[in-house]
Each structure stands twice: as C-alpha cells, then as structure tokens.
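Throughout, a chain's letter reflects where its sequence line sits, starting with A, and its residues are numbered from 1. Being a predicted model, the structure only gives us computed values, none of them experimental.
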Amino acid sequence: MTQHRVAIGNEQDVVAARQLVRSVAADEQFSLLARTRLATAVSELARNIVRYAGGSGQMEVECVREGGRSGIRCVFTDRGPGIADVDLAMQEGFSTGRSLGQGLPGARRLVDQLSIESEVGVGTQITIVAWR
Amino acid sequence: MSTTIPILRLGPVLLISVQVELQDATAEALQQDILEQLEQTDADAVVIDISGLDVVDSFIARVLTDTASMARLLAARCVIVGMKPEVAMVLLEMGLVLPELETALDVRAGLLRLGYALRRVAGEVEGGRA
Ligand SMILES: Nc1ncnc2c1ncn2[C@@H]1O[C@H](COP(=O)(O)OP(=O)(O)OP(=O)(O)O)[C@@H](O)[C@H]1O
Ligand SMILES: [Mg+2]
C-alpha cells in the first residue's frame, strides 16, 4: 500500500505536508471538498508540531482499506514536550500559544477519526483518518 | 526564504492577489506591508484576492481577520474576495466563523462593495491609443 513520509521541521514543511496529502487524496479520488477538509486538518496538526514541538516531527500518510471503503490515514509523530491534558487541548479556545485554540477541535470536525496519544516529556502522536 | 506578495495601488485602493501557497511568515509580512501602506499613503481600502488559495487554515484565517480589524482601526476597509467555495465550506465546518470579515465574489464586486467601480471613462483619454 502507498505510504509517504514527510519531516515536519518548519513552516515550509507545513505547506509540503498539506500538498502531499492533497495529491494523495486526489489519487484516491476524494472529492474536492474532501481533499480540502483533509488538507486543512493536516495543516493544523503540522503547524502545531512546528509551533509547540520545536519542529521535531513527521507525518506519515497511508491509504487504508476496510470493508468496502477506502480512506487515508495520517500519523503525526513528534518528540516535543507532550500534551499534559489532552481533553483540555481538544477544547475550543484552549491555547498555550495565545492563539485561537481552534486547531485541534477544528481538525477533529474535518476528519472521521482523530486520536491523540501523548506523554509529557516524550512526545505526541496524533492519528487522523478520513474515509472517502 | 519566504516570498513577498506584491501590493498594487489603484489610487485609494490597495489590491493584493495571493497566488502562492501561503507560508506563515509570508502571511505575516503581507499583513505588516498592508498596514504600513495604509499608514503612509492615503489609501483607504484593501481588496485581498485569495482565489489562489486551496487551503485556508485557522492561522491564515486569523491573519486575514486581524488585517481587516487593523485596517478598520486605520480608518480603512478591507474586503476578501475570491474565496473558493470548498474553502468557505471547510472554514464553516471547522467552526471558524469570521463575522468581522467582509467578503465578495471577485475583485470587481469587492471594489463595488468599497464604493469604487471599474468603468470606462466616456470619450477618449488624452494620450490614449487611437
Ligand atoms: N504537537 C503538540 N505538542 C505539544 N503541544 C501541543 C501540540 N499540539 C497542540 N498542542 C497544545 O494544544 C493546544 C491547543 O492546540 P490547538 O491547535 O487547538 O490551538 P492553538 O495551536 O493554540 O491555536 P490555533 O491552532 O487556533 O492557532 C496548543 O496551544 C498546545 O498547548
Ligand atoms: Mg494549532
């Protein structure tokens, strides 16, 4: 199965990550709206790595099949400080970066699944799945 | 490193067309440039064409709204034009409602909204082509 990986170290990589996922989604015949949803979610998660995890991360993109349906899974892994309270971080308006706190809750609305595993001092892994 | 987005001056209107993938630093620099021009010139209107943007995430949305509110503080108005329908849809789905943001379909509609119109002047302009 197709698999891609991009390092996420800086702002340019945020652009590269969303371009990559757009093209994978196009290959997988996602609709324009579905591609835009996924690329926007990826943009949020990649930017968080640059902003909060010192750009020490990567994104892996994989096409997945389950039953009769096909989808795309993106796994974001970083070695940043971790998220102490994941439920809090998922809340609308919560930000430690004096930002809007819209990234994580917004991304969750744009994909079918979003899960976060994080350990303080070790890092964070966020997985999203979008079904076609 | 990051590209610079040019600002065109059409008399009192600043016209910006974003044609490249917007990096954070580029977006922030553009915001600065617009505010500087509003301060230093007698421009009182800003039209930002984002028809070239395939993705507008929360950061870019915030830069756009901040630019519009700062323009207002400088007694100018700012209209965002050309947002792709799927981009508008995704912003809505994300819950990023941007009430402060004035939008219009395209540059022409944006100018109209600001009280300016593009039209041919009657008669011939001196020095114009025959
Ligand atoms: N990869 C990460 N590593 C460590 N902390 C993170 C990471 N991603 C998010 N966070 C934490 O979760 C908070 C919420 O993230 P979210 O993206 O929702 O909002 P934000 O980035 O602060 O603001 P916005 O995305 O609206 O600009 C962040 O402020 C940060 O504290
Ligand atoms: Mg964020």
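- Both A/Phe30 and A/Leu114 belong to a single network of hydrophobic side chains, linked directly or stepwise wherever heavy atoms of I, L, V, M, F, W or Y lie under 4.5 Å apart.
- Cluster membership check: B/Val63 shares its hydrophobic cluster with B/Leu101, using side-chain heavy-atom separations under 4.5 Å among Ile, Leu, Val, Met, Phe, Trp and Tyr.
- Using a 4.5 Å cut-off between heavy atoms, B/Leu91 does not touch chain A at all.
- In this structure, CG on A/Leu33 lies 7.5 Å from CD on B/Glu86, to the nearest 0.5 angstrom.
- For B/Ala25 against A/Glu11, the heavy-atom pair with the smallest separation is N-OE1, 2.9 Å.
- Residue A/Gln113 places its CD atom among more than 12 non-hydrogen atoms of other residues, nucleotides or ligands, all under 6.0 Å distant.
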**Study point:** Audit row: A/Val14, B/Asp24, side-chain contact (heavy atoms from CB on, under 4.5 Å) steps and yes/no
**Key:** CA-CA 9 Å; A/Val14 175; B/Asp24 297 9; 5.6 Å; no
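- Within a 6.0 Å radius of CZ in A/Arg79, no more than 12 heavy atoms belonging to other residues, nucleotides or ligands are found.
- For CZ of B/Arg108, the number of neighbouring non-hydrogen atoms (other residues, nucleotides, ligands) closer than 6.0 Å is 12 at most.
- Heavy-atom distances place no part of A/Ala41 under 4.5 Å from chain B, backbone and side chain included.
- Residues A/Ile126 and A/Ile49 fall within the same hydrophobic cluster, defined by Ile, Leu, Val, Met, Phe, Trp and Tyr side chains chained together at heavy-atom separations under 4.5 Å.
- Here CD1 of B/Ile60 is found 6.0 Å from CZ of A/Arg47. Values are rounded to the nearest 0.5 Å.
- Rounding to the nearest 0.5 Å places CD of A/Gln19 at 4.5 Å from CD of B/Glu21.
- At most 12 non-hydrogen atoms from other residues, nucleotides or ligands lie less than 6.0 angstrom from CZ of A/Arg108.
- Of all heavy-atom pairs spanning B/Phe59 and A/Glu44, the tightest one is N-OE2, 4.5 Å.
- Atoms CD and CG, from B/Gln23 and A/Asp13 in turn, are 9.0 Å apart once rounded to the nearest 0.5 Å.
- Applying salt bridge (Lys or Arg N to Asp or Glu O under 4.0 Å) to B/Asp54 and the options A/Arg22, A/Arg35, A/Arg37 leaves one that passes, A/Arg22.
- A/Leu20 and A/Leu32 fall into different hydrophobic clusters, where Ile, Leu, Val, Met, Phe, Trp and Tyr side chains are chained together by heavy-atom contacts under 4.5 Å.
- Contact check for B/Val56 versus A/Thr40: no side-chain heavy atoms found under the 4.5 Å cut-off.
- Note on B/Val13: it clusters hydrophobically with B/Leu8, by side-chain heavy-atom contacts below 4.5 Å among ILVMFWY residues.
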Practice item. Given side-chain contact (heavy atoms from CB on, under 4.5 Å), test A/Thr36 with B/Lys84 step by step and report yes or no. Key: CA-CA 10 Å; A/Thr36 307; B/Lys84 291 185 175 174; over 6 Å; no
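- Distance OG/B/Ser58 to CG/A/Asn48: 8.0 Å, rounded to 0.5 Å.
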